[in-house]
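Inspection log for the structure reproduced underneath, given as structure tokens.
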Amino acid sequence: MAISISATGFKGGLGSCFHSVAGEEYGMLAKSVPKHVGAGKGVRAQPMMKNVNEGKGLFAPVVVVTRQIVGKKRFNQLRGKAIALHSQVINEFCKSIGADTKQKQGLIRLAKKNGERLGFLA
């Protein structure tokens, strides 16, 4: 198959720039290629929830060693219970001082940020 290209582009358009000996190859090729190709949605990587301070902080070494001793599954169960208890303490505190829901959410976010900085979420 030979392609003829001029300095200004393709001679006679894209269809006539392909020449074959028998003349049938281009026709078969043109019929097999779809006229419109839809652009599918790109595959997007799932966002990972990751601690930016992982391995840093005062308590990070204790947390890492405890995870290795207890095992990852059991450690995550214990961590979940501790986080739930801490959230209950924050909720009770907010009730006692009369804080609204928005202030309570702000305190929970602050507790999470502090936990990350101190290494509890390592």
Side-chain angles (χ1 to χ4, degrees):
M1 214 182 264
I3 300 174
S4 61
I5 300 175
S6 69
T8 58
F10 296 110
K11 287 185 181 178
L14 184 60
S16 64
C17 73
F18 295 104
H19 300 282
S20 68
V21 178
E24 297 174 3
E25 290 178 25
Y26 172 75
M28 291 177 65
L29 179 64
K31 290 178 185 176
S32 67
V33 176
K35 296 202 185 281
H36 300 286
V37 178
K41 291 185 178 182
V43 178
R44 188 172 170 186
Q46 292 291 329
M48 290 185 59
M49 301 291 283
K50 188 174 181 184
N51 185 0
V52 294
N53 295 319
E54 188 168 352
K56 300 177 185 175
L58 182 63
F59 296 101
V62 175
V63 171
V64 172
V65 169
T66 304
R67 184 188 311 131
Q68 290 173 352
I69 293 171
V70 176
K72 200 170 191 175
K73 184 177 178 181
R74 180 75 175 134
F75 177 79
N76 285 336
Q77 290 172 345
L78 292 171
R79 176 185 274 174
K81 287 179 184 179
I83 290 171
L85 287 172
H86 193 240
S87 295
Q88 286 176 358
V89 169
I90 292 172
N91 287 334
E92 292 299 319
F93 174 75
C94 289
K95 282 182 187 177
S96 68
I97 65 168
D100 63 350
T101 306
K102 193 172 185 178
Q103 290 172 327
K104 180 176 71 172
Q105 289 173 348
L107 287 174
I108 290 172
R109 283 192 195 101
L110 181 63
K112 183 174 187 261
K113 286 181 184 177
N114 286 337
E116 287 175 354
R117 286 188 196 125
L118 289 171
F120 286 119
L121 301 177

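What you see is a predicted model; the values in this text were computed from it and never measured.
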> If you measure from NE2 on His86 to CG on Asn91, what distance do you get to the nearest 0.5 Å?
Replying inline: 11.0 Å
> Are Val70 and Val63 grouped together when hydrophobic residues (ILVMFWY) are joined by side-chain heavy atoms under 4.5 angstrom apart?
Replying inline: no
>> Using modelled atom types and a 3.5 Å cut-off, is there a donor and acceptor pairing between side-chain atoms of Gln68 and backbone atoms of Val65?
In response: no
> What is the minimum heavy-atom distance between Cys94 and Leu107, and which atoms define it?
Replying inline: SG-CD1, 3.6 Å
> So do the side chains of Ile69 and Phe75 get within less than 4.5 Å of each other, counting heavy atoms only?
Replying inline: no
> So, for Leu121 and Lys112, which heavy atoms are closest and what is the spacing to 0.1 Å?
Replying inline: CD1-O, 3.9 Å
>> Distance check, rounded to the nearest 0.5 Å: Arg79 atom CZ versus Asn76 atom CG?
In response: 6.0 Å
> With a 4.5 Å heavy-atom cut-off, do Gln105 and Thr101 have their side chains touching?
Replying inline: yes
